[in-house]
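One structure below.
These numbers come from a predicted model, not from an experiment. This chain uses plain numbering: 1 for the first residue, then up along the sequence.
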Amino acid sequence: SAMEYTLSFTNTASKPSHPLCAVSPMDLLFAPGEHSGTLYHFEGGDDIRNAFNSHTTIFNGTNGAPVQLVSKQGRSSNGVLPYFALQAPSGKALLVSVGWTGQWALSITSTAAGARVLLQHPELCAALDPQESLRSFRVFAVWADKLEVQDLFNLHRRFILSAGATRGGKLLAPVAGYLGGGAGSMGGWQTQSAFLSLLKSLDVGIEAFWLDAGWFKVRSSRLTVGCS
């Protein structure tokens, strides 16, 4: 089974709203009656050697301390990648991916009823002006009663590819690419231009293209594209 949703807020009043704090786009009980399980998660891209490494963390009802994942420095994939999977001893499994460009936080707490899964905005606390809107995470979840975690990840991937294969009647190739050059070098920008030209010539379509110079320490105008 699969589910996708986005939590949104709109202030329809004529005055500013009360502050929106501790917003939780997901708050559910995983595998009711089971107090332990395994969390599968991955090292985020922090420009370090062990980026993207996989990790397993055991959670159970005996230690009482919640298991937590928190992204860092305003990025959704810094410190931890924005997806994770849970598996209970019975075989029940859940995989969640977070559609968000900023920070997010996960907390798993073993309770008498089961494992509580809480997905939150760690630093959001804001009021909305009249008619102002704010959206939260785009959450995509896949779950099964009995499925190996690797098969769950493959099922998650198939759902995403089938849902995103066409946008606006145009077929999009399931391709993601990273191209870059060192600070002060034009090689990266030239390579990216060639990559765009190739995709256009193949007529496969482009859903999104990012220029991000956020890793560079030099803050010249050319090296801060996409930075605030």
Side-chain angles (χ1 to χ4, degrees), residues 1-11 20 22-32 34 37-42 44-45 52 54 67-71 74-88 90-109 114-124 126 128 132-177 204-210:
S1 302
M3 176 175 62
E4 182 183 24
Y5 64 91
T6 303
L7 179 64
S8 301
F9 302 90
T10 299
N11 181 10
L20 292 171
V23 175
S24 302
M26 173 176 280
D27 187 355
L28 61 81
L29 197 65
F30 170 66
E34 299 189 64
T38 304
L39 168 65
Y40 298 85
H41 53 105
F42 302 87
F52 312 121
S54 60
V67 174
Q68 296 180 319
L69 299 178
V70 183
S71 67
R75 295 185 174 91
S76 63
S77 59
N78 197 6
V80 58
L81 293 183
Y83 54 88
F84 55 89
L86 305 172
Q87 189 161 44
S90 64
K92 292 181 179 179
L94 169 71
L95 194 155
V96 177
S97 54
V98 181
W100 188 245
T101 57
Q103 289 183 218
W104 60 279
L106 167 71
S107 176
I108 302 173
T109 306
R116 183 188 182 190
V117 181
L118 187 64
L119 193 61
Q120 287 187 306
H121 287 270
E123 297 183 1
L124 174 64
L128 298 182
E132 185 178 14
S133 296
L134 174 70
R135 87 167 183 87
S136 179
F137 306 149
R138 184 179 183 183
V139 178
F140 181 53
V142 181
W143 65 94
D145 285 337
K146 286 188 178 294
L147 198 64
E148 294 296 326
V149 170
Q150 185 60 52
D151 294 331
L152 188 66
F153 274 105
N154 288 332
L155 180 62
H156 175 265
R157 187 179 299 111
R158 287 197 294 272
F159 270 118
I160 290 178
L161 291 178
S162 63
T166 56
R167 295 287 173 86
K170 187 176 184 63
L171 180 66
L172 295 174
V175 175
V204 296
I206 300 171
E207 182 176 9
F209 181 69
W210 288 273

Could you check if a side-chain atom of [X] sits within less than 4.5 angstrom of a side-chain atom of [Y], using non-hydrogen atoms only?
X	Y	answer
F137	L7	no
F9	N11	no
L39	L106	yes
L128	T10	no
R116	S107	no

- Note on the structure: Residues passing the salt bridge (charged side-chain N to carboxylate O under 4.0 Å, His left out) test with R157, sequence neighbours excluded, are none
So, the side chain of [X] versus the backbone of [Y]: is there a donor-acceptor pair under 3.5 Å, distance only?
X	Y	answer
W104	S71	no
S24	L118	no
S97	Y83	no

- Message: Counting neighbours of CD on E148 that are heavy atoms of other residues, nucleotides or ligands and sit closer than 6.0 Å, is the number greater than 12?
- Response: no
Measuring from [X]:[atom1] to [Y]:[atom2], what's the distance to the nearest 0.5 Å?
X	Y	atom1	atom2	answer
L119	L28	CG	CG	9.0 Å
M26	L94	CE	CG	6.0 Å
I108	L86	CD1	CG	4.5 Å
L95	D151	CG	CG	12.0 Å
L81	S54	CG	OG	10.5 Å
T6	W100	OG1	CH2	10.0 Å

What's the shortest heavy-atom distance between [X] and [Y], and which atoms?
X	Y	answer
S136	H121	OG-NE2, 2.6 Å
V23	P25	O-CD, 3.5 Å
K146	S90	NZ-O, 2.6 Å
F30	A93	CE1-C, 4.1 Å
Q87	Y40	OE1-OH, 3.9 Å
L29	G114	CD1-C, 3.7 Å

- Kindly say whether the aromatic ring centers of F153 and F42 come within a distance under 6.0 Å. yes
- Message: Under the rule for side chain to side chain donor-acceptor pair (under 3.5 Å), what residues qualify as partners of Q103, not counting sequence neighbours?
- Response: none
